[in-house]
Amino acid sequence: MRRLRTQVGIVGAGPAGLVLAHALGRAGVDCLVLERHSRARVEARARAGLLEERTVAHLRRHGLAGRLLAEGTRHGWCEFLCAGHRLRMDYAALGGAEHWVYPQHWLVRDLIAALETAGRPPRFGVPVLAVEERRRIRCDGLELDCEYVIGCDGARGVTRRALPAGLRRETTRRYPYDWVAVLAEVARPVGGVLYALHERGFAGMMPRTPAIGRFYLQCAAGDTPADWPGPRVRAELALRLPLAEVGLGALHEVRILRMHSRITRPFRHGRLVLAGDAAHVLTPSGAKGMNLAIADATDLADSLLHGQLDGYGRRRLAAVRRAQDFSERLLRLLHRPPHEALPDLRLLTAPGPHATAFAREFTGTSEETDDAQWRA
């Protein structure tokens with residue numbers, strides 16, 4: 001058994017763990033990232049793609065946004081297709097901010113490369129078997145003693161389960177539908193986020209890269225990928241979305257998203273701290289997941305460096321609940337019958353207080369958002 005020591009052991013090489021490792025390493029804190037999957041798999045996992053302006057500002061301050069700024073694109077509007085009407089919402093002009101479109105796995109690639117350049121690369125292919133005494137990470141053939149263990153290993157990871165059973169509380173909400181998530185080639189770039197309300201169910205079209213788009217289809221709760229072969233996916237996308245605008249090509253990924261949310265508490269127990277999906281899972285509605293994970297990492301780095309860890313759980317729980325509330329309100333709107341939703345959508349997309357409130361919540365610039373951690 002090999003024994004190592006570090007100040008901060010980080011489990012999981014997703015956005016939260018990698019951003020945290022950068023922030024701590026730049027401040028001279030010794031830390032080590034352990035990841036159960038291979039580097040190739042981690043860098044290929046296509047997930048989110050919308051980054052809030054404050055997220056990009058943080059990455060820029062830490063010198064981590066070079067390729068993002070060069071290859072990403074900025075978007076300040078979305079559209080709703082409902083009952084034959086196409087309603088555009090210029091959320092940046094209505095009081096929000098612009099999003100950056102940059103695939104999550106591209107950002108992960110950049111963060112890993114930067115850690116490697118700094119001489120602190122993550123250790124891939126190292127599954128964590130257990131977190132013992134909340135300060136020791138046990139792997140096959142390796143034990144890592146830490147001052148702090150940070151769990152960034154996702155909803156199915158080990159660290160969440162390391163919280164004492166009598167202390168751990170989980171709040172789970174299951175929604176009465178699921179989504180088919182499709183990653184597909186496009187002949188022309190997806191111009192912006194399009195939410196389609198259709199009698200057959202919600203559908204979404206999201207930009208990712210000039211040649212790739214992300215598509216969503218509402219489906220029955222409990223459906224499996226076998227229920228959605230390629231021809232059915234194409235037929236439903238063609239019914240619910242204006243595919244002629246982008247020219248749908250090959251389907252590279254078709255999977256089912258179980259539409260649920262879960263918050264695990266406490267976010268911190270002693271020297272074990274959770275961040276990202278290990279602490280909270282939201283639906284894709286509202287594009288909050290990756291941004292919340294990076295916000296967790298930013299707050300946590302600042303808390304560790306300035307001795308403010310006691311308030312971490314309270315601050316992040318409040319932020320997660322605000323994001324969950326917005327995500328659920330958007331879900332309810334997108335899954336209503338089109339003719340019922342149309343009046344509210346018209347109110348939402350016309351200049352006024354409702355549109356401004358939506359724009360600010362959608363882009364993370366709401367007045368009630370605590371931005372203190374983003375100024376570090």
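Note that the numbering runs from 1 along the sequence shown for the chain.
Under the 4.5 Å side-chain contact rule for hydrophobic residues, Leu257 and Met290 do not share a cluster. Linking Ile, Leu, Val, Met, Phe, Trp and Tyr whenever their side-chain heavy atoms come within less than 4.5 Å puts Leu50 and Phe326 in one cluster.
When all heavy atoms are compared, the tightest approach of Leu94 to Pro351 is CD2-CA, 3.8 Å. Across Ala297 and Ala16, no two heavy atoms sit closer than the pair CB-O, 3.3 Å. Contact between Asp178 and Gly222 at its shortest, heavy atoms only, is OD2-N, 2.9 Å. Across every non-hydrogen atom of Glu116 and Pro121, the tightest pair is CA-CB, 4.1 Å. Shortest non-hydrogen contact noted between Leu144 and Gly9 is CD2-CA, 4.2 Å. Closest heavy-atom contact between Arg60 and Glu53: NH2-OE2, 4.4 Å.
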Determine, step by step, whether Arg322 and Glu361 satisfy the salt bridge (charged side-chain N to carboxylate O under 4.0 Å, His left out) criterion, reporting the C-alpha distance in whole Å, the side-chain angles of both residues, the deciding distance to 0.1 Å, and the verdict.
-> CA-CA 9 Å; Arg322 285 195 297 269; Glu361 289 183 277; over 6 Å; no
May I have the step-by-step check of side chain to side chain donor-acceptor pair (under 3.5 Å) for Ser303 and Asp299, ending in yes or no?
-> CA-CA 6 Å; Ser303 299; Asp299 189 327; 2.9 Å; yes
Evaluate side chain to side chain donor-acceptor pair (under 3.5 Å) for Gln324 paired with Ser261, printing each intermediate quantity in order.
-> CA-CA 8 Å; Gln324 182 184 54; Ser261 63; 3.0 Å; yes
Please assess Met89 against Glu79 for the test side chain to side chain contact (heavy atoms under 4.5 Å, CB included), listing each intermediate value before the final yes or no.
-> CA-CA 6 Å; Met89 180 182 196; Glu79 290 185 314; over 6 Å; no
Apply the test side chain to side chain donor-acceptor pair (under 3.5 Å) to residues Tyr312 and Asp302: give CA-CA distance (whole Å), side-chain angles for both, the deciding distance (0.1 Å), then the verdict.
-> CA-CA 10 Å; Tyr312 168 79; Asp302 189 61; over 6 Å; no
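Judged purely by distance below 3.5 Å, without hydrogens or angles, the side chains of Asp344 and His354 never pair a donor atom with an acceptor atom. Side-chain contact, Thr283 with Ser285: no donor N or O sits under 3.5 Å from an acceptor N or O. Side-chain atoms of His335 and Tyr175 form no donor-acceptor pair, as typed in the model, at a separation below 3.5 Å.
Using a cut-off of 4.0 Å between Lys/Arg side-chain N and Asp/Glu carboxylate O, Glu147 and Arg5 are scored as not salt-bridged. By the 4.0 Å N-to-carboxylate-O rule, Arg173 lies close enough to Glu328 to be salt-bridged with it. Between Glu245 and Arg188, none of the side-chain N atoms (NZ, or NE/NH1/NH2) sits under 4.0 Å from a carboxylate O, so this pair counts as no salt bridge. Looking at Glu143 and Arg3, a side-chain N of the basic residue comes within less than 4.0 Å of a carboxylate O on the acidic one, giving a salt bridge. Ion pairing between Arg232 and Glu236 fails under the 4.0 Å rule for side-chain N and carboxylate O. Using a 4.0 Å cut-off between a side-chain N of Lys or Arg and a carboxylate O of Asp or Glu, Glu253 and Arg255 qualify as a salt bridge. A salt bridge links Arg329 and Asp325; the closest N-O separation between the charged side-chain nitrogens and carboxylate oxygens is under 4.0 Å.
Applying the ring-ring contact (aromatic ring centres under 6.0 Å, His included) test between Phe202 and each of Phe80, Trp179, Tyr177 identifies Trp179 as the sole match. Checking Leu300, Leu24, Ile10, Leu309 one by one against Tyr148, the side-chain contact (heavy atoms from CB on, under 4.5 Å) holds for a single residue, Leu309. Checking each of Leu18, Ile294, Val56 against Leu107 for a side-chain contact (heavy atoms from CB on, under 4.5 Å) leaves exactly one that passes, namely Ile294. Across Val128, Val158, Asp153, a single residue satisfies side-chain contact (heavy atoms from CB on, under 4.5 Å) together with Arg36, and that is Asp153.
Using the six-membered ring where Trp is involved, Phe362 and His99 have ring planes that are perpendicular, over 60° apart on the 30 and 60° scheme.
Remark: Glu185 pairs with no residue by the salt bridge (Lys or Arg N to Asp or Glu O under 4.0 Å) rule, at least two apart or across chains. Residues satisfying the side chain to side chain donor-acceptor pair (under 3.5 Å) test with Asp310, not counting sequence neighbours, are Arg268.
The number of heavy-atom neighbours closer than 6.0 Å to CZ of Arg41, taken from other residues, nucleotides and ligands shown, is 12 or below. Applying the 6.0 Å contact sphere to NE2 of His339 captures no more than 12 heavy atoms from other residues, nucleotides or ligands.
If you take CZ on Arg54 and OG1 on Thr298, they are separated by 9.5 Å, rounding to the nearest 0.5 Å.
The closest donor-acceptor contact from the side chain of Thr349 to the backbone of Leu345 lies under 3.5 Å. Distance alone, capped at 3.5 Å, is enough to place a donor-acceptor pair between the His260 side chain and the Arg258 backbone.
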